[in-house]
Amino acid sequence: MQRIAFHIQKGGVGKTTLSGNIAHALAIKGRKTIMIDCDPQGNLSGWFLKESPKFELADVLNGRAELKDAIVEVHPGLSILPTFGIGGELKTYAENKLNDEPFIFEDLSGELAKMGFDVAIYDLSPGMSRLEKCVILAMDEVITPLTPEYFGLDGIEIFNEELKKINKNYRKTVKHSKIVVNNLNHSFKRHNEIYEVYQKMDYDLYTIGQDSKLAESQVYNQSIFEYAPTSRVVPEIERLAIAIGRP
Ligand SMILES: Nc1ncnc2c1ncn2[C@@H]1O[C@H](COP(=O)(O)OP(=O)(O)OP(=O)(O)O)[C@@H](O)[C@H]1O
Ligand SMILES: [Mg+2]
């Protein structure tokens, strides 16, 4: 089972938007996919679930619910292990128990693989606290979304330093070769200038254009593939999904 997180410590760059839409793209391609909402804000869960689920990720981590009982199928081949945005316990778990169980997300991934999932996509909160680090160390690959703004250039450097430390301290080889320039609008001069800088960096570069339909779809509990299948961002998302399918 492939284990992938879309992450950078910066907020609001499209981590959740990419996690959900790439996960749905992979499911449409026939890969059994699960999204794991590791953000105490619960944005991914609020987007994909119309009704409150019975259990959340923290219940599984705390041993209060069986993994199979906490997983909700949202589309054929696409499931979610949710987090409650309001009244959830993931933050408390991370603050109080995670220190003693740093490999719990590796164990969780092992269980998900046994259940027959082909891909697991983890959505994280901005930042680089213990929770994000413990999820990252359990990944095969982290893909970094960025917006075409000047602060994005520093953001990628900071992320790289953090990932190097995680790989060294936990004896891991988490891959980081793809960056996604999200929210790109070629009619903005500064976007084009920053995009050129990203192009010169030593990464596989993907772009997702600016499209308000991406934000609107989330209001209606839909992915872009349901809400606006003819959007010009759909082929861009598919290109990234195909690249993920060829590890
Ligand atoms: N390409 C895009 N075009 C237009 N709007 C977008 C695009 N990508 C993301 N958005 C919107 O930008 C906002 C931030 O995106 P998102 O929530 O995915 O970021 P995030 O990195 O997960 O944020 P956080 O750090 O809070 O978890 C959302 O309202 C989302 O709908
Ligand atoms: Mg998010």
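Remember, it's 1-based here, ligands and their atoms both numbered in the order they're listed.
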Report task. Give a yes/no verdict on a cation-pi contact between Lys15 and Phe6, requiring under 6.0 Å between NZ or CZ and the six-membered ring centre and an angle within 45° of the axis. Result -> no

Report summary line: In this structure, atom 17 (O) of ligand 1 is nearest to the protein heavy atom Thr16 CB, 4.1 Å

Report task. Begin from the C-alpha positions of Ser217 and Phe225 and carry the test side-chain contact (heavy atoms from CB on, under 4.5 Å) through to its verdict. Result -> CA-CA 9 Å; Ser217 66; Phe225 295 94; over 6 Å; no

Query raised in the report: So is there a nitrogen or oxygen of Ser125 less than 3.5 Å from a nitrogen or oxygen in ligand 1?
Result: no

Requested in this report: Look at the aromatic rings of His75 and His24 and report parallel, tilted or perpendicular, splitting at 30° and 60°.
Outcome: parallel

Query - Heavy-atom protein neighbour under 4.0 angstrom from atom 12 (O) of ligand 1 - result: no

Requested in this report: Return yes when Gly209 approaches ligand 1 closer than 4.0 angstrom through a heavy atom, no otherwise.
Outcome: yes

Query raised in the report: Within 4.0 Å of atom 30 (C) of ligand 1 (strictly less), any protein heavy atom?
Result: yes

Report summary line: Quick look: Asp123 vs ligand 1, heavy-atom contacts under 4.0 Å, and the answer is neither

Query - Whether over 12 other heavy atoms sit under 6.0 Å from Glu66 CD - result: no

Requested in this report: Would you check if there is a donor-acceptor pair between the side chains of Asn43 and Thr16 at a distance under 3.5 Å?
Outcome: no

Requested in this report: With heavy atoms of Asp39 as the reference, note each atom of ligand 1 found under 4.0 Å away.
Outcome: 27 (O)

Query raised in the report: Is Asn182 in polar range of ligand 1, meaning some N or O pair under 3.5 Å apart?
Result: yes

Query raised in the report: If we only count heavy atoms from C-beta on, is the Lys164 to Asn167 side-chain gap below 4.5 Å?
Result: no

Query raised in the report: Lys213: heavy atom below 4.0 Å from ligand 1, yes or no?
Result: no

Query raised in the report: Should the ring pair Tyr220 and Tyr227 be called parallel, tilted or perpendicular, given that the plane angle runs from 0 to 90° and is split at 30 and 60?
Result: parallel

**Report entry** Test of proximity, Gln218 against ligand 1: N or O pairs below 3.5 Å
**Finding:** yes

**Report entry** Residue part near ligand 1, for Asn183, under 4.0 Å between non-hydrogen atoms
**Finding:** both

Query raised in the report: In the protein, what heavy atom is nearest to atom 15 (O) of ligand 1, and what distance, to one decimal place, separates them?
Result: Thr17 OG1, 3.6 Å

Query raised in the report: Under 4.5 Å between any side-chain heavy atoms of Leu163 and Val174, yes or no?
Result: yes

Report summary line: Note: ligand 1 atoms sitting under 4.0 Å from heavy atoms of Pro126 are 24 (P), 25 (O), 27 (O)

Query - Least distance between heavy atoms, Ala138 atom then Phe105 atom - result: CB-C, 3.7 Å

Report task. Output yes when the distance from some N or O of ligand 1 to some N or O of Gln210 is under 3.5 Å, and no in every other case. Result -> no

Report task. Identify, by atom number and element, the atoms of ligand 1 in contact range of Ala215, meaning under 4.0 Å from any of its heavy atoms. Result -> 31 (O)

Query raised in the report: If every non-hydrogen atom of Asp123 is compared with every non-hydrogen atom of Ser19, which pair is closest and at what distance?
Result: OD1-OG, 3.5 Å

Query raised in the report: Starting from atom 20 (P) of ligand 1, which protein heavy atom do you reach first, and at what distance in Å?
Result: Lys15 N, 3.5 Å

Query raised in the report: Please state which protein non-hydrogen atom is closest to atom 26 (O) of ligand 1 and give its distance, to 0.1 Å?
Result: Gln41 NE2, 3.5 Å

Report summary line: atom 19 (O) of ligand 1 has as its nearest protein heavy atom Gly14 N, 3.0 Å

Requested in this report: May I ask you to check if any N/O/S atom from Thr17 comes under 2.8 Å of the Mg ion (ligand 2)?
Outcome: no

Query raised in the report: Heavy atoms, side chains only, cut-off 4.5 Å: are Tyr195 and Thr207 in contact?
Result: yes

Query - For atom 4 (C) of ligand 1, closest protein heavy-atom neighbour - result: Asp211 O, 3.2 Å

Report summary line: For Leu214, the atoms of ligand 1 under 4.0 Å from one of its heavy atoms are 1 (N), 2 (C), 3 (N), 7 (C)

**Report entry** Short N or O distance, Gly12 and ligand 1, threshold 3.5 Å exclusive
**Finding:** yes

Query raised in the report: Can you list the atoms of ligand 1 that are under 4.0 Å from a heavy atom of Val13?
Result: 19 (O), 20 (P), 21 (O)

Query - Nearest heavy atoms of Asp118 and Gly30, plus distance in Å - result: OD2-O, 4.3 Å

Query raised in the report: Strictly by modelled atom types, are Tyr122 and Glu132 linked by a side-chain donor-acceptor pair under 3.5 Å?
Result: no

Requested in this report: Using a strict 4.0 Å cut-off to heavy atoms of Gly11, name the atoms of ligand 1 that fall inside it.
Outcome: 25 (O)

Requested in this report: List the steps and the verdict of side-chain contact (heavy atoms from CB on, under 4.5 Å) for Ile244 and Gln2.
Outcome: CA-CA 9 Å; Ile244 289 170; Gln2 257 178 292; 3.8 Å; yes

